[in-house]
Amino acid sequence: MSGGEQQLSGGGQQASGPARQIPVVVLAGFLGVGKTTLLNHLLRGSGGTRVGVVVNDFGAIEIDAMSVSGQVGSTVSLGNGCLCCAVDGSELDAYLEKLTHPSVGLDVIVIEASGLAEPQELVRMLLASENPYAVYGGLVEVVDAAEFEATRERHPELERHLALADLIVLNKVDRINAEALGRLRDAIAGAGATAAVVEASYGRIDPELLFERRPSTERIGQLSFDDVREEVGADGEDGEGWEQGGHEGHEGHESRGGHGAGHEGHLHAAYETVSFEARTPMSPRRLLDFLDARPQGLYRIKGFIDFGDHDRRNRYALHAVGRFLRFTPEPWGPGQERCTQLVLIGAGVDTAALTAGLERCRDDVPQDVRPEAMWGVLRFVRQDGSEEAELVPEAGQAVDAADGVDELGESFELDELDELDEPESD
Ligand SMILES: Nc1nc2c(ncn2[C@@H]2O[C@H](COP(=O)(O)OP(=O)(O)OP(=O)(O)O)[C@@H](O)[C@H]2O)c(=O)[nH]1
């Protein structure tokens, strides 16, 4: 890891007292590069440092907020839309005002930008902020080492983002060899990036690159945003926009094409989102068929799947980035409502057809609860330490949930996996 000694500007605790300024770090990077994974790593490694998180999801269902809340209990979400579109910064300012309130006692704030946000807009807003308690803490640009070239081809503006960054994280280096890594480093340098470049797998960077850690003995516990809401939101206005994961009733699609004046050049202007929610379980086989046939332009899928009787214990986190696909079983929480929630993001995709395709995956009357029905899904699950081996559960048994998303290795591509016998179609 290079640049290990450097820290982003404004990082670390400032002198205590009324003028104490809290660094606000922007975590950016294209869709699926690993921002949430990195953020969760930072939160786990934060010691006694109190980290505030602002998540800016793109899509009606706040998958990222839910993914982060898996680590910290709850989080703040700016909801559907793109943070960079709060052009006057007033919405962001309102959040920062709450989070930097001295009674909240945060040491650092990390804004996880949507994968389609324009980092320069965020940086501009933070620099223009008149909040006396906040100071811009730097831009961390996360790059998917395996997808960088393809992404840059489609979005040459990524070079501009790299040039703006204060720290570049080459994530997913586990997916490329040394030669490709060398080429990637040359390409990053050639893009005019002057920032420190660190390599990482599963976002495992040293948290001290972003902020000074307090000894864990000082830890009071990760901030609960319920506490913030109680402390800061007593006036009754502040509840609006403060979200916990688990939204109801979102189903449909939103096009970002006509996203309002002034955003034509933004990455998200070219993308469309489908948000899908179902309370009937999904058929594993039909869902795999759907994923196998997903259109080229459908770049990102994320969310959680309920496979009903196929696995009563676990929901399955689903991540697809380009042709890369992974399922991660996670135990249902006590009393957690069984449902499927997915966000699909793509360019030039037929959103109505995608919604209809997902609708067809509903398992209204489960036909096939034999263990083989899950084999297709389990091929895309990998447990810590396993090589390419598929996980095949005992008859009627669920696979044990892995310890965490970032404990899993790379998964397989659908079209590489035709060898196993397929169970009969359900
Ligand atoms: N192989 C590999 N997979 C990774 C790594 N980091 C993250 N992933 C996986 O990549 C997928 C996307 O990760 P996220 O952290 O959700 O990405 P993101 O940038 O927050 O995604 P968006 O919010 O959609 O922009 C997940 O399946 C992660 O487990 C890594 O270093 N190596």
Side-chain angles (χ1 to χ4, degrees), residues 1 26-44 53-59 61-71 75 77-78 80 82-83 110-119 140-148 151 155 158 161 169-177 181 184 198-205 267-268 271 273-275 291 298-305 316-330 342-346 380-384 386 388 402-413:
M1 188 184 282
V26 176
L27 185 59
F30 193 63
L31 291 167
V33 294
K35 297 180 294 297
T36 305
T37 306
L38 187 147
L39 181 57
N40 281 330
H41 165 76
L42 290 178
L43 291 170
R44 277 196 296 269
V53 176
V54 179
V55 176
N56 176 220
D57 271 326
F58 194 82
I61 305 172
E62 291 161 349
I63 301 296
D64 286 355
M66 286 185 252
S67 305
V68 176
S69 69
Q71 296 293 334
T75 192
S77 170
L78 284 178
N80 182 23
C82 195
L83 196 56
V110 180
I111 301 179
E112 183 194 342
S114 123
L116 297 172
E118 289 293 323
V140 181
E141 181 76 18
V142 187
V143 167
D144 184 328
E147 303 282 340
F148 176 73
T151 309
H155 301 294
L158 285 187
H161 300 176
V169 179
L170 300 185
N171 194 36
K172 307 197 188 183
V173 291
D174 56 296
R175 292 190 63 199
I176 59 171
N177 60 26
L181 183 58
L184 177 60
V198 299
E199 294 161 19
S201 287
Y202 293 95
R204 291 187 196 115
I205 61 166
L267 274 176
H268 60 80
Y271 281 80
T273 317
V274 173
S275 300
L291 291 171
L298 183 57
Y299 185 77
R300 183 79 170 107
I301 306 175
K302 56 187 172 180
F304 305 96
I305 320 273
Y316 284 69
L318 166 61
H319 279 283
V321 182
R323 297 311 296 169
F324 178 84
L325 180 71
R326 174 182 298 133
F327 286 103
T328 307
E330 303 173 348
L342 289 172
V343 170
L344 296 77
I345 305 172
F380 294 91
V381 172
R382 178 177 284 185
Q383 284 192 322
D384 199 18
S386 72
E388 300 281 308
D403 287 337
V405 171
D406 67 351
E407 298 304 319
L408 298 179
E410 188 176 335
S411 194
F412 309 91
E413 295 204 354

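Each ligand, and each atom within it, is numbered from 1 in the order the structure gives. The shown structure was predicted, so the numbers you read here are calculated from the model rather than taken from an experiment.
- Scanning all heavy atoms of the two residues, the minimum distance from Gly203 to Asn171 falls at N-OD1, 2.9 Å.
- Relative orientation of the His155 and Phe30 rings is tilted, given thresholds of 30° and 60° on the angle between their planes.
- Under the 4.0 angstrom criterion for non-hydrogen atoms, Arg204 is not in contact with ligand 1.
- Counting heavy atoms closer than 4.0 Å to ligand 1, residue Asp174 contributes side-chain atoms (C-beta onward) but none from N, CA, C or O.
- In this structure, of Lys172, Arg175, Lys302, the residue bringing a heavy atom nearest to atom 8 (N) of ligand 1 is Lys172.
- When all heavy atoms of Ala145 and Lys172 are compared, the closest pair comes out as CB-O, 3.9 Å.
- In terms of polar-atom proximity, Val33 is counted as a contact of ligand 1, with an N or O under 3.5 Å from an N or O of the ligand.
- Only the side chain of Arg326 comes within 4.0 Å of ligand 1, counting heavy atoms alone; its backbone N, CA, C and O stay farther away.
- When each of Val198, Val26, Val169, Val110 is tested with Val140 by the rule side chain to side chain contact (heavy atoms under 4.5 Å, CB included), just one qualifies, namely Val169.
- The pair Arg175-Glu147 meets the salt-bridge criterion, with a side-chain N (NZ, NE, NH1 or NH2) lying under 4.0 Å from an Asp/Glu carboxylate O.
- Considering all non-hydrogen atoms of both residues, Val173 and Leu170 come closest at CG1-O, 3.4 Å.
- Under 4.0 angstrom from ligand 1, the non-hydrogen atoms of Lys35 come from both its backbone and its side chain.
- Within the listing of ligand 1, atoms 31 (O) sit less than 4.0 angstrom from a heavy atom of Ser201.
- Ligand 1 has at least one atom lying under 4.0 Å from a heavy atom of Gly32.
- At least one N or O atom of Gly34, backbone or side chain, sits closer than 3.5 Å to an N or O atom of ligand 1.
- Annotation: the span from Ile305 atom CD1 to Leu342 atom CG amounts to 4.0 Å, rounded to 0.5 Å.
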